[in-house]
> 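I'd like to ask you about the structure that follows.
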Amino acid sequence: MDAVATGTRWKRAAAEHPAVVDAAWTTLFLVVAFVSTSGSPTNRDVVEPTSEALGTLLLLGTAVPYFVRRKAPFAVFVLASSAVLVLSGLGYFEGATPIIALFGAFTVGARCTLRWVVGGYVFVVVGLVTLYLSDPPGFDFGGLVANVGTFAAAFLLGWAQQSRAARLEAFEQRTEAVAREQAEEARRALADERLRIAQELHDVVAHSMGVIAVQAGAGMHVIDTDPAEAKRSLEAISSTSRSTLTEIRRLLGVLRDDEGTATARNPAPGLADLSALAADLNDAGVPTQLRIDGHDGPDDDIPKGVELTTYRVVQEALTNVLKHGGPGATARAVVALVPGAVEIDVTDDGRGIDLAADPDAGHGLMGMRERVAVYGGTLDARPQAAGGFRVHARLPFDPEAADDAVALLGPSVDEATR
């Protein structure tokens with residue numbers, strides 16, 4: 001791991017300081033050029049370039065241009081390779097300078113367009129043929145063929161490096177684009193889910209306000225003749241308003257309907273509609289068992305919003321079974337009413353959900369979490385060890401918890417309840 005980290009730091013430093021890297025290469029090439037040509041050549045017909053001013057100048061020409069290797073790779077290659085060709089053509093001992101020219105060929109392949117790469121190769125081939133025809137010492141036809149092939153390999157390696165870098169860059173761009181698209185899609189899904197909850201809240205609040213209006217009218221009608229009946233109307237108004245204020249307190253600031261449109265909607269579904277939901281899934285080919293514990297009927301003191309959220313969580317969990325369970329899958333939904341909370345447990349024995357293969361399923365789970373979080377509840381959704389998938393949620397509620405909602409909403413609530 002330390003070696004990998006060190007390599008990463010070196011690559012980052014090289015990318016941040018390209019001029020320093022080119023200066024280091026140039027210094028290395030100068031050392032190689034002068035050291036490799038200063039020894040005693042085995043061929044007595046060649047001359048050490050360091051012994052003459054022209055030879056020294058040509059050695060400088062093989063290395064110094066690499067100071068601007070990144071800015072002008074083609075020009076650097078032409079200058080460096082020309083210096084090596086002239087050095088050999090004049091009978092000087094070239095030492096390791098051809099390797100420096102090969103590095104220039106690689107740079108052209110890695111940084112220039114195909115037209116310039118082909119042009120650089122044509123240039124060096126013409127130069128090598130010219131050098132061969134001048135019959136310098138130690139450069140025969142075999143040397144010509146070997147050099148032509150070696151330079152071709154250098155150009156090809158550079159071009160392969162450039163192609164690989166282009167593919168990696170394109171892949172990174174696609175990955176970033178996909179990540180941005182997924183994030184945007186998740187935000188849209190979350191916004192849509194919140195809007196749906198806001199629209200469903202309309203049903204809860206409208207129902208409660210309707211009850212309050214009716215009870216208020218009845219109370220006003222009998223207050224003089226039947227004070228006991230008027231008192232019962234006021235008690236109903238108090239109970240309904242507390243429940244409604246609890247819903248508003250929990251959802252205020254989370255949901256918005258920017259357009260403010262109001263359309264006719266069916267009543268919000270609740271616990272009584274779960275049996276129809278299970279029947280629909282049975283008709284769709286997924287055997288589904290439904291059990292509701294602790295539910296005595298429509299008079300249960302459960303906030304309408306909690307009933308709606310319970311229905312939606314069960315609906316989404318069973319829909320996932322239908323979509324992802326596969327052939328032969330069965331489902332079981334248990335809704336238990338315990339003191340102050342509703343507990344939901346939906347399990348299946350199907351294939352389960354593959355979030356990587358179907359991101360939409362992840363949006364459904366995110367929507368369930370959003371709904372449950374509104375009530376301070378918890379949701380656990382995960383594959384089962386024995387196969388299938390399990391969704392477990394707990395929705396706490398307190399019908400008497402609306403007192404602090406009055407303080408939260410301020411004087412306008414007092415005026416509305418007078």
Side-chain angles (χ1 to χ4, degrees), residues 186 189-190 192-197 199-201 203-204 265-295 298 300 302-338 341-375 377-397:
L190 187 58
D192 292 343
E193 186 63 26
R194 289 180 172 181
L195 180 58
R196 281 196 294 271
I197 299 173
Q199 292 170 341
E200 291 167 347
L201 177 63
D203 296 327
V204 176
R265 301 180 181 89
N266 294 325
L271 298 182
D273 301 288
L274 289 176
S275 57
L277 187 63
D280 290 341
L281 211 66
N282 276 296
D283 293 339
V286 179
T288 303
Q289 297 179 3
L290 172 67
R291 193 178 82 230
I292 302 178
D293 297 334
H295 181 53
D300 282 343
I302 305 172
K304 293 294 183 182
V306 173
E307 279 201 49
L308 174 61
T309 299
T310 300
Y311 179 89
R312 292 305 185 198
V313 169
V314 175
Q315 182 185 47
E316 180 63 29
L318 292 179
T319 300
N320 283 336
V321 177
L322 182 62
K323 292 171 60 177
H324 308 285
T330 62
R332 183 171 183 267
V334 177
V335 177
L337 277 64
V338 299
V342 175
E343 292 188 353
I344 306 165
D345 194 82
V346 181
T347 58
D348 69 88
D349 57 3
R351 293 178 305 196
I353 300 175
D354 186 356
L355 297 180
D358 188 357
D360 289 339
H363 298 156
L365 295 176
M366 181 168 52
M368 283 194 283
R369 286 193 173 90
E370 181 75 9
R371 289 177 179 272
V372 172
V374 168
Y375 294 93
T378 58
L379 184 135
D380 181 41
R382 67 180 66 187
Q384 300 187 94
F389 205 81
R390 183 192 183 206
V391 174
H392 180 80
R394 179 180 173 85
L395 290 170
F397 66 88

> Report yes if the side chains of Tyr311 and Leu271 come closer than 4.5 Å at any heavy-atom pair, otherwise no.
no
> How close do Ala329 and Val286 get, heavy atom to heavy atom, and via which atoms?
O-CG1, 3.5 Å
> Report yes if some heavy atom in the side chain of Arg332 is under 4.5 Å from a heavy atom in the side chain of Arg291; otherwise report no.
yes
> What pair of heavy atoms forms the shortest contact from Ala393 to Leu379, and how long is it?
CB-CD1, 4.1 Å
> Please tell me if the side chains of Leu277 and Leu274 come closer than 4.5 Å, counting only heavy atoms from C-beta onward.
yes
> For Asn282 and Thr288, test the side chains for any donor-to-acceptor distance below 3.5 angstrom and give the result as yes or no.
no
> For the residue pair Val321 and Phe389, establish whether any side-chain heavy-atom pair is separated by less than 4.5 Å.
no
> To the nearest 0.5 Å, what is the distance between CD on Gln384 and CG on Asp348?
7.0 Å
> Taking all non-hydrogen atoms of both residues, which atom of Pro396 and which atom of Gly377 are closest, and how far apart?
CD-CA, 3.6 Å
> What closest approach, in Å, do Asp349 and Gly328 show between heavy atoms, and which atom pair accounts for it?
OD1-O, 4.3 Å
> Does Thr310 reach the side chain of Leu395, with side-chain heavy atoms less than 4.5 Å apart?
yes
> Indicate whether the side chain of Asp345 and that of His392 have a donor and an acceptor atom separated by less than 3.5 Å.
yes
> May I ask you to test the Val372-Val313 pair for a side-chain heavy-atom distance under 4.5 Å?
yes
> Over all heavy atoms of both residues, which pair between Ala333 and Val314 is shortest? Give the atoms and the distance, please.
CB-CG1, 4.3 Å
